[in-house]
Amino acid sequence: MAQRMHFLPIKTSLRKSLCSNTHPTQPPKLQSIVTDQERNDKIKLLQTHLHNHNTNNAKKLLKHLILSKSPFSSPSQMYSMFTHHSHSIKFTFSNLLLSVCVECKLPNEALECYTLVRNDGVFPALWAFNLMLECLVGACKYDTVLENFDQVVELGVKVDAFSYGKAVQSAVKMGDLKRGLDLMEGMKRDGMSVGGFFYNVLISGLCKERRIKDARKLFDEMSEKVLREMESYGFVPDGYTYSIIFDGHSRSGNVNASVHLYEETVRKGIKINEYTCSVLLNTLCKCGKMDEVEEILEK
């Protein structure tokens, strides 16, 4: 029995040794050659898809290559290897690569590819640039958004309201309300329509600033100014817009302003949500304004 037990591991070891000798691994240099050939084949396939205007197939292939990280280690490596005599095909490829990086939620990779495109002296399609900005905002890279936005504006690139929207949003998220207001003024100078999104973002930022004592006066002046300006531009503030200012007044204890604002919403037939209404009622109760509470409940 002892001999048999000793014999089995020897036989197993010998079998493994024979198998490994039968199938030797490829030399590192040969593996590198195979990988390079595979990369070139994928690039040629991408070029073929784009040349035949099969953008959907090209996009699917790009997504697969990016997520699998094989045979390309990164999207930027793919971009560096993509060479084509047609400027339009290279331009289309650049935009697709940016958009796929965004869809895959890869902000750093998208930024790397964008940088490579810019280093080639080319600016991507505005829609692709905007997708990148949105991705960077989602990743909380607000300073990067503002930096790239400023660069393209300085270069004379004609951005649109969406581009401005992401810049304003980033400025407010960083607490730079002055920058946000300046950007909105820049939109007006460029003849763009300032929609409710911009006002709501700025008013929300002003309300957050309102929690700082030194900014109370700024809030009281600017929140009402922005609200009136919205109306002058033909944008009717909705319940959400009023809720933002209303919540700011209530949290700061400015009961009279809260009541006045509530009465304004009633006059204009604007509905506020239950949460905002409860904030007002709680504020009035704490200040002993029971008559106002009953009046609001009756309405």
Side-chain angles (χ1 to χ4, degrees), residues 87-88 91-92 94-99 101-103 107 110-111 113-209 215 218-219 221-238 240-242 244-245 248:
H87 172 75
S88 61
F91 182 71
T92 302
S94 303
N95 294 325
L96 281 178
L97 188 61
L98 269 177
S99 66
C101 285
V102 170
E103 286 185 13
L111 187 60
C113 290
Y114 170 75
T115 302
L116 289 174
V117 174
R118 293 292 298 113
N119 288 341
D120 283 344
V122 180
F123 184 77
L126 186 59
W127 63 264
F129 175 72
N130 285 341
L131 283 177
M132 184 192 72
L133 292 185
E134 187 174 32
C135 184
L136 293 173
V137 169
C140 302
K141 296 180 179 294
Y142 308 123
D143 54 342
T144 305
V145 171
L146 291 172
E147 180 182 349
N148 283 280
F149 177 85
D150 289 342
Q151 287 176 357
V152 299
V153 171
E154 289 175 3
L155 288 171
V157 176
K158 188 69 174 178
V159 296
D160 59 10
F162 189 94
S163 313
Y164 267 105
K166 293 307 161 185
V168 170
Q169 192 176 3
S170 297
V172 172
K173 288 287 187 180
M174 293 178 67
D176 193 348
L177 295 177
K178 184 180 182 304
R179 179 71 192 283
L181 292 167
D182 288 343
L183 285 166
M184 190 169 72
E185 290 301 320
M187 286 186 65
K188 296 173 187 176
R189 287 194 299 271
D190 290 343
M192 296 183 189
S193 175
V194 180
F197 169 80
F198 297 92
Y199 288 105
N200 286 339
V201 167
L202 286 168
I203 291 172
S204 178
L206 289 169
C207 287
K208 290 178 181 178
E209 264 317 279
L218 174 65
F219 169 80
E221 292 176 355
M222 293 306 300
S223 61
E224 297 300 327
K225 177 183 177 183
V226 171
L227 188 61
R228 300 297 170 249
E229 192 172 297
M230 290 170 71
E231 295 174 334
S232 69
Y233 273 84
F235 173 76
V236 180
D238 55 14
Y240 177 73
T241 308
Y242 275 95
I244 296 171
I245 304 178

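Evaluation of the salt bridge (charged side-chain N to carboxylate O under 4.0 Å, His left out) rule for Asp150 yields Arg179 as partners, not counting sequence neighbours. Partners of Ser94 according to the side-chain hydrogen bond (donor to acceptor under 3.5 Å, both in side chains) rule, which considers only residues two or more places apart in sequence or in another chain, do not exist here.
Ala110 approaches Met132 most closely through the heavy-atom pair O-SD, 4.1 Å. Here the closest non-hydrogen pair linking Phe198 and Ala161 is CZ-O, 3.2 Å.
Here the OH atom belonging to Tyr114 is positioned 8.0 Å from the CG atom belonging to Leu133, to the nearest 0.5 angstrom. The SG atom of Cys101 sits 11.0 Å away from the CG atom of Leu96 when rounded to the nearest 0.5 Å. A distance of 9.5 Å separates CG of Asp160 from CZ of Phe129, quoted to the nearest 0.5 Å. For the atom pair CG (Leu111) and SG (Cys113), the distance works out to 9.5 Å, reported to the nearest 0.5 Å. Atom-to-atom distance recorded for Asn148:CG and Lys141:NZ is 11.5 Å, nearest 0.5 angstrom. One distance of note links NZ of Lys178 with CG of Leu183; it measures 10.0 Å at 0.5 Å rounding.
With contacts defined as side-chain heavy-atom distances shorter than 4.5 Å, the pair Leu155/Phe123 does not qualify. The closest side-chain heavy-atom distance from Glu185 to Leu181 is not below 4.5 Å. Taking 4.5 Å as the limit, some side-chain heavy atom of Val168 sits within range of a side-chain heavy atom of Leu202. The closest side-chain heavy-atom distance from Phe149 to Tyr164 is below 4.5 Å. With contacts defined as side-chain heavy-atom distances shorter than 4.5 Å, the pair Leu116/Asp120 does not qualify. Counting only heavy atoms from C-beta outward, the side chains of Val172 and Ser204 never approach each other to under 4.5 Å.
Residue pairs satisfying the side chain to side chain donor-acceptor pair (under 3.5 Å) criterion with at least one member in residues 168-177, sequence neighbours excluded, are listed as follows: Lys166-Gln169.
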Practice task
Decide yes or no on side chain to side chain donor-acceptor pair (under 3.5 Å) for Asn95 and Thr92, but give the supporting numbers first.
Solution key: CA-CA 5 Å; Asn95 294 325; Thr92 302; 5.7 Å; no

